[in-house]
K.L.:
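Sharing a structure, written as structure tokens. Questions coming.
Order of the sequence lines sets the chain letters (A, B, ...), proteins ahead of strands, with each chain counted from 1.
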Amino acid sequence: MDPKDSPTQPDRREFITKACALTAGAVAATVPAAAGLFVLLDPLGRKGGGGEPVRVAALEAIPDDGVPRKFSVLATRVDAWNRTPNVPIGAVYLRRAVGGTVQAFNVVCPHAGCFVDYVADAKHYLCPCHNSTFDTEGRIQDPKSPSPRGLDELATEVRDGAVWVKFQNYRAGAKEKLPA
Amino acid sequence: MNSLFNWIDQRTGARKLLHEVLFENVPGGARWRYVWGSTLVFCFTVQVITGLFLWLAYSPGSQTAWESVYFIQHQMTGGWFLRGLHHFTAQAMTVLLLLHLLQVVIDGAYKAPREINYWTGVLLLVLVLSLSLTGYLLPWDQKGFWATRVATNIAAITPVVGPALQQIVVGGADYGHHTLTRFFALHAGIIPGLIIAFIGLHVYLFRKHGLTPKEPRRKRDEPFWPRQVMCDAVACLAVLAVVLTLVLVNHGAPLGAPADASEQFSAARPEWYFLFLFQFLKYFPGGTEVWGAIVIPTVLLLLVGALPLLGRWKFGHRFNLGFLGAMLAGVALLTWLAVAEDRSKPEYVAAVKAADFEAERVLALAAAPSGIPTAGAVTLLRADPLVQGPKLFARNCASCHRYDGHDGLGLQPKDKQSASDLKGFASRPWLEGLLNPATVDSVNYMGGSKHKDGEMVKWVKENVPTFNASSKEQLKQALIALSAEAGLKSQKEADLRDVAIIGVGAKLLVSHDLGCIDCHTVLNKSDGGEAPDLTGFGSRQWLTAFISNPKHESFYGERNDRMPAFGADGRLTETEIGLIADWLRGEWYEPAAGGR
Ligand code: FES
């Protein structure tokens, strides 16, 4: 380096100039970036829909032999600026367990979110993506299944012959069942 | 001309720049093996150009993304070609990236002092793959939608930052408008911007250090222009030729049915070059997913990045070649396993068939005169009897009934058939079977239910065989009149043609000659009999009322067998019952022959 350009004894005034230049530059660059940052991170504060009980099916519509049946969940879908009432927001498998209680499972695979299929012949749920299997009670069947937990069971209630489900999506890929 | 160029040159230094661009030294002379980098720049340029044009017509939003892509592909002049070019060039780019990487490693072009250049290359590889990943979602069809759910859920497995990262990328907890706006911003703005910056750096460094010659040099050095430029141009044309062939053969790029989170889609697969990752995940049981999804892929990528450092070691280059070879072999093996497994899985094959059917159907509906409603094309499929009818039938009716011998979707239900086969219900041939002593008590009509021993079967079996020619003729006329009550689309012409017969038949239906009216109410006339009311038999109104409540006194009343009252019991909505009825009646939109 040329000794003229880098004096061994930095002079005070030059130091202040440098500091000012850097600060001014940093402020000028930070403001637009920070302004965007809020919009970028806005989704973090947003909660997923669901949680409210929704009428899903007539109790009669669920086979009484414990075989699950798939139903769409109709509710108000909120998609950013749109609110659409009475449209499918997801789907559930309903089954009548022993003792007549109704079990509801979210159809979404807890591994990575595919739509699991019920295979009547094999009497289990099979995920068409990475082959996780779940028994009719929603528990992991094949221990080699990639899913970290069983199917997500949803709270149900039977009112006047109709099944109401608290529909909720859960975070995929986690051992614990955390609302999405 | 020359003075103009001089004028420009004095102000810009263009001459020096051009000289630098064209007269870069090619050690050992021009060679085909040096073309890969140029083909990649070419592909990227094609993507920028076609992408910008697509942008003119694309609208990210959950009710507009699929719709605008549909419009590009199927309505806009040359849209399919533009879209196809963008789609297949993206695929070509992935292949070329791999070839470029291989050539660089084989030729040892990553070694000092070119490490940083190599790293910008690896970064570019990752960036281009992210372009594919984000672009896959933009048409908002079932395939892109479900594949992206999987991809973003996998991102969420990343320790600590995963869930937050997922929410930021997805634009909230649910997939929708903001997923598209964000993916589009990444795909068309952020990632391409980064790519341009890194290509700049990559090319600058490449020029700074010069080409890595393949030893032994076969010929004398020569400048880039014209022979190497010629090689590069020919290679680019060859790439373009392959892409164009794919575009023409496929008539653009595929577009599935619109995304629907409530509709089962078992054909979800990522783009073919991500299949190895998809397959890899299958081997990691619950609790260890993070290894298959994040840790091992990241380590491998870091190792690819570390080749220049490993290469310093005495056997480093050989190790690198072995490592890269083994990794690519692994990728190829996993891809093959994924494809082979899918091919051998009947569920998957059926799912693909169903997906193709819906994709094709929605195109017909979208092109119908009524067009796509503001609520989006997804509503077209939800309201289509041809798509929903069979599904509803399979789920609700097929445990007893059949449709042409199957469950509506072409499968065999686990329960044995115990009620009529409803294919062609109320049509002339269907009624002929019902009034035929040989078939009336078969399982396809009344043989499976308790009506097997009922009055109707008895009447057919006892009376019809004794009919003389004129009674037979009367029965036929009455049958034609009854079938006309349904007003079936498939019989429209026949019904029009046979107006006279229908008039005669109608009189017979209410006369005591044949005796229908002894038990049934027919054409609103009744003799007080309790058998089902046949007024409007098989019409939409009759059928929906029957499915809603067969126990109603105008139908079977107390004598109803096992058929549930789907409407009255709240099992199905009015819309769903309507869809089943319309489907059974063959009442769905059919594009006019020869229409667009
Ligand atoms: S998403 Fe179900 S096994 Fe992977």
Side-chain angles (χ1 to χ4, degrees), chain A residues 40-44 46-49 55 57-58 60-61 63 69-70 72-74 77-82 84 87-91 107-108 110-115 117 119-121 126 128-132 140 142-149 161-162 169 171-175 178-180, chain B residues 62-63 146 149-154 156-157 162-164 167-174 176-178 181-182 260-269 278-279 281-290 292-293 341 345 347-348 351 375 379 382 395-396 399 413-414 564 566 569-572:
Chain A
L40 177 75
L41 301 181
D42 173 84
L44 288 180
R46 300 202 178 259
K47 288 272 163 289
R55 184 195 181 280
E60 294 267 330
R69 181 174 280 187
K70 188 170 60 192
S72 287
V73 177
L74 299 180
R77 173 169 155 75
V78 182
D79 182 2
W81 51 87
N82 284 135
T84 325
V87 284
I89 57 164
V107 297
V108 170
H111 178 227
C114 289
F115 196 124
D117 201 2
V119 189
D121 295 336
L126 169 70
C129 287
H130 314 100
N131 307 338
S132 287
I140 290 192
D142 182 348
K144 288 208 280 302
S145 297
S147 179
R149 58 173 194 266
N169 284 313
R171 188 182 290 168
K175 260 218 138 40
L178 306 163
Chain B
S62 28
Q63 277 102 49
W146 289 98
R149 277 176 73 123
V150 173
T152 49
N153 278 327
I154 282 166
I157 300 179
Q167 278 217 316
I168 291 170
V169 174
V170 167
D174 292 323
H177 292 315
H178 275 169
T181 54
R182 282 169 184 246
D260 189 343
S262 63
E263 203 49 71
Q264 177 138 23
F265 189 74
S266 301
R269 290 295 178 265
F278 161 82
Q279 179 71 13
L281 289 179
K282 293 182 189 166
Y283 305 115
F284 292 85
T288 61
E289 313 95 287
V290 70
E341 184 180 325
K345 255 205 280 187
E347 296 95 344
Y348 179 77
T379 57
R382 286 184 189 153
R395 221 180 294 161
N396 297 284
S399 55
K414 71 176 192 345
F566 285 98
D569 293 353
R571 292 185 175 211
L572 291 174

K.L.:
Side chain, backbone, both or neither: which part of B/I157 has an atom under 4.5 Å from a heavy atom of chain A?
P.N.:
side chain

K.L.:
In terms of heavy-atom pairs under 4.5 Å with chain B, which of A/P110, A/P179, A/S147, A/A174 leads?
P.N.:
A/S147

K.L.:
B/R182 and A/L40: side-chain contact (heavy atoms from CB on, under 4.5 Å), yes or no, with the steps?
P.N.:
CA-CA 9 Å; B/R182 282 169 184 246; A/L40 177 75; 4.1 Å; yes

K.L.:
How close do A/F115 and B/F265 get, counting heavy atoms only, and between which atoms?
P.N.:
CB-N, 4.3 Å

K.L.:
Chain B heavy atoms under 4.5 Å from A/V108: which part of the residue, side chain, backbone, both or neither?
P.N.:
side chain

K.L.:
Among A/A57, A/S145, A/S72, which residue forms the greatest number of heavy-atom pairs with chain B at distances under 4.5 Å?
P.N.:
A/S145

K.L.:
To the nearest 0.5 Å, how far apart are CZ in A/R69 and CZ in B/R395?
P.N.:
8.5 Å

K.L.:
Please assess A/D79 against B/D174 for the test side-chain contact (heavy atoms from CB on, under 4.5 Å), listing each intermediate value before the final yes or no.
P.N.:
CA-CA 8 Å; A/D79 182 2; B/D174 292 323; over 6 Å; no

K.L.:
Identify which part of B/Y348 has an atom lying under 4.5 Å from any heavy atom of chain A, answering side chain, backbone, both or neither.
P.N.:
neither

K.L.:
Quick check on A/R149 against chain B: is it the side chain, the backbone, both or neither that has a heavy atom closer than 4.5 Å?
P.N.:
neither

K.L.:
Counting heavy-atom pairs under 4.5 Å with chain B, which one of A/G173, A/P146, A/P148 comes out on top?
P.N.:
A/P146

K.L.:
Shorter than 4.5 Å, heavy atoms on both sides: which option in B/T288, B/D569, B/L572, B/L281 has the most such pairs with chain A?
P.N.:
B/L281

K.L.:
Could you tell me which portion of B/Q63 (side chain, backbone, both or neither) has an atom closer than 4.5 angstrom to a non-hydrogen atom of chain A?
P.N.:
side chain

K.L.:
What residue in B/G172, B/G162, B/A293 has the most heavy-atom pairs under 4.5 Å with chain A?
P.N.:
B/G172

K.L.:
Are there more than 12 heavy atoms of other residues, nucleotides or ligands under 6.0 Å from atom CZ of A/R46?
P.N.:
no

K.L.:
A/G90, A/A172, A/P128: which one forms the most heavy-atom pairs within less than 4.5 Å of chain B?
P.N.:
A/P128

K.L.:
Closest approach of B/R149 and A/G113, non-hydrogen atoms and distance?
P.N.:
NE-O, 3.4 Å

K.L.:
For chain A, which of B/R382, B/Q167, B/H178, B/Q264 has the most heavy-atom pairs under 4.5 Å?
P.N.:
B/Q264

K.L.:
Measure across B/S262 and A/A91 and return the closest heavy-atom pair with its distance rounded to 0.1 Å.
P.N.:
O-CB, 4.2 Å

K.L.:
How close do A/N82 and B/H177 get, counting heavy atoms only, and between which atoms?
P.N.:
OD1-NE2, 2.7 Å

K.L.:
Heavy-atom distance under 4.5 Å between the side chains of B/P564 and A/E60, does that happen here?
P.N.:
no

K.L.:
Between B/F278 and A/H130, what is the shortest heavy-atom contact and its length?
P.N.:
O-CD2, 3.2 Å

K.L.:
Tell me yes or no: between the side chains of B/E341 and A/N131, is some donor less than 3.5 Å from an acceptor?
P.N.:
yes

K.L.:
For residues A/C129 and B/R269, report the shortest heavy-atom separation together with the two atoms involved.
P.N.:
CA-NH1, 4.0 Å

K.L.:
Under 4.5 Å from any heavy atom of chain A, what part of B/E289 do you find: side chain, backbone, both or neither?
P.N.:
side chain

K.L.:
Check whether A/P143 gets within reach of chain B through its side chain, its backbone, both or neither, counting any heavy atom under 4.5 Å.
P.N.:
backbone

K.L.:
What residues, two or more places apart in sequence or in another chain, satisfy ring-ring contact (aromatic ring centres under 6.0 Å, His included) together with B/F566?
P.N.:
none

K.L.:
Using a cut-off of under 4.5 Å on heavy-atom pairs, state which of A/P63, A/A120, A/S132, A/A80 scores highest against chain B.
P.N.:
A/A80

